[in-house]
Amino acid sequence: MKYWLMKSEPQVFGIDDLISRPHQTEPWDGVRNYQARNFMRDDMVVGDRAFFYHSSCPSPGITGLVEISKNAYPDKTQFDTSSKYFDPKSTISKPRWFNVEVKFLKKIPLISLDKIRGNSKLSTLQILRRGNRLSITPITKEEWSEILKMCQ
DNA sequence: GCCAACGTTGGC
DNA sequence: GCCAACGTTGGC
């Protein structure tokens, strides 16, 4: 099983939005970065776990756990001319963007970015690297366990 | 709203 | 293929 960290802006789609979905699942669409797309398309599989991270908000940090509930498939927003994620260069036969589906597992008391930074065992986390803006990053089993320890 | 650090685009 | 200009991300 692999572990991930997935960022979302709570004012766009937060953990509570996921909880209120009918099956507590949501397509992780709208990702328009090739590296993040490749992680979803090539590396994520059903059953993988991820931390749900709130970004671009007053209190950024990890706020929940999700699992991958569907392997990657073409992101439908790329074909939707009314969507802000519409991509005129993408075609049905050659889709450019993919997304997985995530399923809610658990909400946790916010582990703030400050606290994450303050834990020396987490210094290897990709999101702490200077200038890293990737919305999806892999994390190690050790990092995963260490973060889980912080919510007890 | 600012700004650093990227990624993408497009002319050449 | 280079690279300047532009757009985006995301913490503060």
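Convention: sequence-line order gives letters A, B, ...; per-chain numbering from 1.
At whole-Å resolution of the value, CG in A:N132 and C1' in B:dG7 are 12 Å apart. Put simply, CG on A:D114 is 17 Å from P on C:dG10, counting in whole angstrom units. Summarising the geometry, the separation between OH on A:Y53 and P on C:dT9 is reported as 15 Å, rounded to the nearest angstrom. Residue A:N33 contributes atom CG, which lies 10 Å from atom C1' of B:dC6 at whole-angstrom precision. The nearest whole Å value for the distance from the CD1 atom in A:I116 to the P atom in C:dG10 is 14 Å. For the pair A:L128 CG and C:dG11 C1', the interatomic distance rounds to 12 Å; values are reported in whole Å. The interatomic distance linking A:L134 (CG) with C:dG11 (P) rounds to 13 Å, in whole Å. With rounding to whole Å, A:Y34 atom OH is found 13 Å from B:dG7 atom P.
For the residue pair A:Q78 / A:S90, a side-chain donor-acceptor distance below 3.5 Å is found, with atom types taken as modelled. Side-chain N/O atoms of A:T77 and A:R32 include a donor and acceptor closer than 3.5 Å. Checked by atom type, the side-chain pair A:Y73/A:N99 shows a donor-acceptor distance below 3.5 Å.
Looking at A:R32, its side chain has no donor and acceptor atom pair within 3.5 Å of the base of C:dT8.
Aromatic rings of A:Y34 and A:W97 (six-membered ring for Trp) have centroids within the 6.0 Å cut-off, being under it.
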Problem set entry | side-chain contact (heavy atoms from CB on, under 4.5 Å) assessment of A:V100 paired with A:K70 | CA-CA 6 Å; A:V100 296; A:K70 268 187 193 166; 5.9 Å; no

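One finds a side-chain N or O of A:K7 lying less than 4.0 angstrom from the OP1 or OP2 phosphate oxygen of C:dG10. Distances shorter than 4.0 Å separate some side-chain N or O of A:R117 from OP1 or OP2 on C:dC12. Distances shown here put every side-chain N or O of A:Y85 at or beyond 4.0 Å from the OP1 or OP2 atom of C:dT8.
Here the side chain of A:Q35 is nearest to one of B:dG7, B:dT8, C:dG11, namely B:dG7. Of the candidate nucleotides B:dG7, B:dG10, C:dG11, B:dG10 has the atom nearest to the side chain of A:K89.
Looking at heavy-atom distances under 4.0 Å, A:S55 makes contact with sugar-phosphate atoms alone, never a base.
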